[in-house]
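Read through the structure below, which is laid out as structure tokens, and then see the notes.
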Amino acid sequence: PTNELVKDLRVQLSTQPVAWYKKFRDCRGIDVLLDLLAKVDQKYRNKPEGFRLQNEVLRTLKACFHSKVNVEDFATDGARLKKLVLSIDAGDEGVRALTYELLGLVALFADEGPAHITEAFDYLRYTRSVPQRFKCLIDALRLESSFELMANALVLVNAIINTPEELDERMALRLEMLSLGLDTVVVDIQRRANEKSSDAGKSSGRSSASVMRDILAQVETYQGDVEHDQEEFSDRVAMSAGRKIQNFRDAKDLFMALMAHVKDKDHVIGGFFSVMKHLLEMPTDKKRGPPMWWAIAKFVQQLTSKAKE
């Protein structure tokens with residue numbers, strides 16, 4: 001299909017009655033568009049020849065999202081999101097921005113959306129052979145220049161982390177993103193958004209002020225959810241450690257609680273001291289330190305989750 005043909009389809013979807021869209025949907029038109037998007041990615045991977053067609057396909061898909069019902073219908077099939085997510089790291093900023101916008105709509109308005117989006121990032125990791133499934137997402141927050149794209153990326157972060165009902169699952173997802181530098185990135189985005197919020201009306205699409213408000217609202221949501229989960233975790237730890245930890249970044253408070261946790265438990269004290277001893281040899285340099293300490297954090301979190309089963 002040519003760019004003009006896809007563009008004509010988009011115009012029809014935007015102007016024809018709802019019955020026309022329903023017929024298009026029933027004929028599996030959305031799946032045909034997603035198949036085309038995946039084929040363009042495969043054939044023109046990061047080549048300018050494919051960017052215009054990708055852009056037109058994504059804009060046409062966006063025209064299908066004109067109601068919450070349509071978004072929910074789209075998100076019922078996880079295979080669709082796996083094809084859509086392939087455009088998330090395209091070599092064209094416009095393609096990436098549209099992809100994040102569509103994924104953001106799915107995360108916000110489809111009940112099954114966030115779970116399928118997480119599966120789609122698993123698929124992206126396999127397809128792109130990247131070491132971490134959320135690396136593209138965190139890199140977008142760290143490196144992209146488009147604030148609208150960052151706003152939609154933050155929507156995805158919050159939706160993915162907060163979908164599970166179980167605290168351990170939320171903490172595991174957050175830990176996975178923290179190991180990629182999410183905390184530092186969120187602080188930097190908050191700073192940039194506050195600085196930019198006074199420059200209203202200079203960006204394309206929605207006004208700059210509106211985009212900044214969206215970003216700051218998503219940052220506030222993220223920080224509030226962290227505090228909520230920390231409070232829930234603190235209450236749970238208090239039952240086993242005998243004291244409530246108010247600040248999980250206070251090393252002394254944490255260690256005292258840990259000592260209270262193993263006090264008078266001779267059957268675990270040997271293993272406890274062995275762990276402490278070997279932690280003293282863990283590297284702390286910038287190159288080797290972070291990945292190894294985060295690996296231990298993930299391993300311990302997984303162990304404690306399994307212990308509750």
Side-chain angles (χ1 to χ4, degrees), residues 1-41 44 50-114 116-117 120-121 124 136-137 140 144 146-157 159-160 203-207 210-211 214-215 218:
T2 64
N3 296 323
E4 288 70 25
L5 182 61
V6 179
K7 182 178 179 180
D8 288 342
L9 174 60
R10 172 167 56 84
V11 172
Q12 294 297 320
L13 287 166
S14 302
T15 57
Q16 291 291 338
V18 175
W20 198 94
Y21 166 76
K22 289 181 178 179
K23 187 173 181 180
F24 171 77
R25 180 199 61 194
D26 293 343
C27 292
R28 299 189 69 252
I30 291 175
D31 295 302
V32 171
L33 284 171
L34 288 164
D35 286 341
L36 175 59
L37 191 66
K39 287 177 182 177
V40 172
D41 175 79
Y44 298 106
F51 294 155
R52 187 180 171 194
L53 185 53
Q54 281 178 297
N55 197 293
E56 282 297 343
V57 172
L58 289 165
R59 292 178 71 189
T60 304
L61 285 169
K62 182 181 175 182
C64 298
F65 282 20
H66 56 266
S67 74
K68 184 177 186 293
V69 173
N70 291 354
V71 177
E72 288 180 333
D73 179 68
F74 178 91
T76 55
D77 187 348
R80 291 173 174 171
L81 287 163
K82 290 177 181 178
K83 293 172 184 175
L84 176 60
V85 81
L86 292 174
S87 300
I88 209 168
D89 62 347
D92 180 76
E93 184 181 283
V95 172
R96 296 194 303 273
L98 277 167
T99 305
Y100 273 104
E101 183 178 358
L102 293 177
L103 289 171
L105 289 170
V106 170
L108 284 172
F109 299 115
D111 293 339
E112 298 179 41
H116 285 319
I117 288 173
F121 275 102
L124 183 69
C136 289
L137 178 57
E144 291 286 358
S146 166
F147 281 101
E148 285 198 38
L149 189 155
M150 284 188 278
N152 286 310
L154 282 170
V155 168
L156 292 186
V157 167
I160 289 170
S203 65
S204 60
R206 293 179 295 155
S207 72
S210 174
V211 176
D214 287 350
I215 287 177
Q218 289 300 324

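Side-chain atoms are counted along with the backbone in the values below, which use heavy atoms only and exclude waters and symmetry mates. Position 1 is the first residue of the sequence, and the numbers go up from there. On a predicted model such as this, the values are computed, not experimentally measured, just so you know.
Taking NZ of Lys82 as the reference point, atom CG of Leu34 lies at 13.5 Å (rounded to 0.5 Å). Leu37 CG to Thr60 OG1: the interatomic distance, rounded to the nearest 0.5 Å, is 10.5 Å. To the nearest 0.5 Å, atom CD1 of residue Ile215 and atom CG of residue Leu149 are 9.5 Å apart. A distance of 9.5 Å separates CD in Gln54 from CG in Leu86, rounded to the nearest 0.5 Å. The structure places NZ of Lys83 at 3.5 Å from CG of Asp35, a figure rounded to the nearest 0.5 Å. Note: Leu98 CG to Glu93 CD = 11.0 Å, rounded to the nearest 0.5 Å.
A salt bridge (Lys or Arg N to Asp or Glu O under 4.0 Å) with Glu56 is found for exactly one of Lys62, Arg10, Lys7, namely Arg10.
Heavy-atom minimum distance, Arg25 versus Asp73: CD-OD2, 3.4 Å. Of all heavy-atom pairs spanning Leu81 and Phe74, the tightest one is CD2-CE2, 3.9 Å. Of all heavy-atom pairs spanning Leu13 and Cys64, the tightest one is CD1-SG, 3.7 Å. Between Val71 and Val106, the shortest heavy-atom contact is CG1-CA, 3.8 Å. Gly104 and Leu156 get closest at one heavy-atom pair: N-CD2, 3.9 Å. What you find for Cys136 and Ile88 is that their closest heavy atoms are CB-CG2, 4.3 Å.
Panel note: side chain Asn3, backbone Leu53; a donor-acceptor pair is recorded below 3.5 Å. In terms of modelled atom types and a separation under 3.5 Å, the side chain of Ser87 and the main chain of Ala90 share no donor-acceptor contact. Using modelled atom types, one side-chain atom of His66 and one backbone atom of Ala63 make a donor-acceptor pair closer than 3.5 Å.
Residues Val155 and Tyr100 have side chains not in contact (no heavy-atom distance under 4.5 Å, counting atoms from C-beta outward). Put simply, the side chain of Asp77 does not reach to within 4.5 Å of the side chain of Ile30, judged on heavy atoms. Side-chain contact between Val40 and Val57: absent, with no pair of heavy atoms (C-beta onward) separated by less than 4.5 Å. With a 4.5 Å cut-off on side-chain heavy atoms, Asn152 and Leu102 do not count as touching.
Using a cut-off of 4.0 Å between Lys/Arg side-chain N and Asp/Glu carboxylate O, Arg59 and Glu101 are scored as not salt-bridged.
A 6.0 Å sphere centred on OH of Tyr44 holds no more than 12 heavy atoms belonging to other residues, nucleotides or ligands.
Trp20 and Phe24 have parallel rings, their planes meeting at less than 30° on a 0 to 90° scale where 60° marks the start of perpendicular.
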So Lys22 and Val18, side-chain contact (heavy atoms from CB on, under 4.5 Å) or not? Walk me through it. CA-CA 6 Å; Lys22 289 181 178 179; Val18 175; 3.7 Å; yes
